[in-house]
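Down below is the structure, laid out as structure tokens.
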There are 2 protein chains.
Amino acid sequence: MAGGILLRLQFKLGDEPPPSLPSDGRKLPSKIHQRTRSDHASEVAEDYVEAIADAIDQHGVCRAVDLVKHFAVTHATVNNTIKRLERDGLVTTAPYQPVELTAAGSRLASQSRRRHEVVEAFLKKLGVSDQTAAIDSEGIEHHVSKETLGAMKRVLEQGWPE
Amino acid sequence: MAGGILLRLQFKLGDEPPPSLPSDGRKLPSKIHQRTRSDHASEVAEDYVEAIADAIDQHGVCRAVDLVKHFAVTHATVNNTIKRLERDGLVTTAPYQPVELTAAGSRLASQSRRRHEVVEAFLKKLGVSDQTAAIDSEGIEHHVSKETLGAMKRVLEQGWPE
DNA sequence: ACTGAAACTTAGCCCCGGCTAACTTAAGAC
DNA sequence: GTCTTAAGTTAGCCGGGGCTAAGTTTCAGT
Ligand SMILES: [Mn+2]
Ligand SMILES: [Mn+2]
Ligand SMILES: [Mn+2]
Ligand SMILES: [Mn+2]
């Protein structure tokens, strides 16, 4: 039995290609772009649950037409996207009814909103206009790692480094 | 005659939904997301010309296989992408030959590289690890406006604000 | 000159996230 | 109660950017 477990461990370790950690300083470009692609794969879901949560906070309910206006896309596009969100367990819907967030959707919305707020506030603190901070943060937020988010929070709470 | 011109102006003004400029402080969410989508539309081209320029600088030439390794995608994907770049006037190719940059491609590569460098250096100055700066900047770079890029440059050259 | 391996190409498939057009449903005005 | 209209749905299309599998070309080593 223990042998079986050991075998699994060995396989897992051997699976990691070249450890990359004891690097000679060279970059690992491949992994970098994989992360960017993975960020983009979750981006629409994050923006939608955030918008849905906002609409519910402001109007008590989120209708598809709210998302149509928010994202400046067509009703058909919103419908398709909501179907994917439902498939992925983030929202529930019924025909002609408002969109509801699942527990998972609600959690993702809170996290996304918090991260978005931090990034936007950080850009403002950097000195860019409110308008630019709003625009740039909408894309940047999805590529900000925990570590970078922490650095931005630190600046907001404790001022600039050094 | 003056009446005709006035009419045109009135129509144009009436056409813009609510002007948004003399705003009461409310956001214009739709335009924000349009910008993010437009950023993504040029993202792959920017990363490719940058990678092609790097390969040429380092090996004198850029082969498709270099891009396969750099982006961790298949040869087929690189081929498809290169075709789009050629269609868009950024590269030239011939069968089984290295990829060459057009003047436009070269220009875009320089701009993208410079912007990427600034973003990555800024993140490092913020205090995140080299590895995180490399990863996060790869996605962030495409969403950084001129204004935000300027703010980052200022920090790198003149230190933190306040 | 031959041959095997690496590089490249092509065909065909997939999902995502946009769109238009046509239709259906739900609700409020009357 | 009807009817208008806004909201929602559905079908079908497109391009982007991934993939696999199978075939072709180039080139180095012998
Ligand atoms: Mn957001
Ligand atoms: Mn966003
Ligand atoms: Mn992005
Ligand atoms: Mn990039």
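Letters A, B, ... mirror the listed sequences (proteins, then strands); counts begin at 1.
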Next on the checklist: Check the phosphate of dC19(D) against T74(B), side-chain N and O only, distance under 4.0 Å to OP1 or OP2. Yes or no?
Outcome noted: yes

Checklist entry - Between S112(A) and E50(A), does any side-chain donor sit less than 3.5 Å from a side-chain acceptor? => result no

Item to check | Side-chain donor-acceptor pair present, E86(B), T93(B), cut-off under 3.5 Å | outcome: yes

Checklist outcome for this item: Nearest heavy-atom approach of D47(A) to F71(A) is O-CZ, 3.5 Å

Item to check | Length of the NE2-P vector between H59(B) and dA7(C), whole Å | outcome: 13 Å

Checklist entry - How close or far is atom P of dG18(C) from atom CD of Q34(B), stated in whole angstroms? => result 11 Å

Checklist entry - With sugar-phosphate meaning primed atoms plus P, OP1 and OP2, does A64(A) contact a base, only sugar-phosphate, or nothing at under 4.0 Å between heavy atoms? => result sugar-phosphate

Next on the checklist: Just the rounded figure in Å: distance from P of dC23(C) to NE2 of H75(A).
Outcome noted: 18 Å

Checklist outcome for this item: The nucleotide from dC8(C), dC19(D), dT10(D) with an atom nearest the side chain of T77(B) is dC19(D)

Checklist entry - Touch check for V68(B), heavy atoms < 4.0 angstrom, all strands: base, sugar-phosphate only, or nothing? => result nothing

Checklist entry - Between H33(B) (NE2) and dG17(C) (P), how many Å, whole number? => result 14 Å

Item to check | Separation of atom CZ in R63(A) from atom P in dT5(D), rounded to whole Å | outcome: 20 Å

Checklist entry - Are any side-chain N or O atoms of R115(A) and backbone N or O atoms of S145(A), one a donor and one an acceptor, separated by less than 3.5 Å? => result no

Checklist entry - For the pair made of CG in L67(B) and C1' in dG17(D), what is the distance, rounded to whole Å? => result 15 Å

Checklist outcome for this item: Y48(B) OH to dG16(D) P, in whole Å, measures 14 Å

Checklist outcome for this item: Rounded to the nearest 0.5 Å, the CE atom of M152(A) sits from the CD1 atom of I140(A) at a distance of 6.5 Å

Next on the checklist: With a cut-off of less than 4.0 Å, is there a side-chain N or O of N79(B) near OP1 or OP2 of dC8(C)?
Outcome noted: no

Checklist entry - Does the side chain of S42(A) come under 3.5 Å of the side chain of H142(A) through a donor N or O and an acceptor N or O? => result no

Item to check | Close approaches to DNA chain D from residues 81-101 of chain B, in residue order (heavy atom, under 4.0 Å) | outcome: R84(B), R87(B), Y96(B)

Checklist entry - Within this structure, what is the NZ-to-P distance between K69(A) and dA6(D), rounded to whole angstrom? => result 11 Å

Next on the checklist: Could you tell me if H116(B) and S137(B) have a donor-acceptor pair between their side chains, going purely by distance under 3.5 Å?
Outcome noted: yes

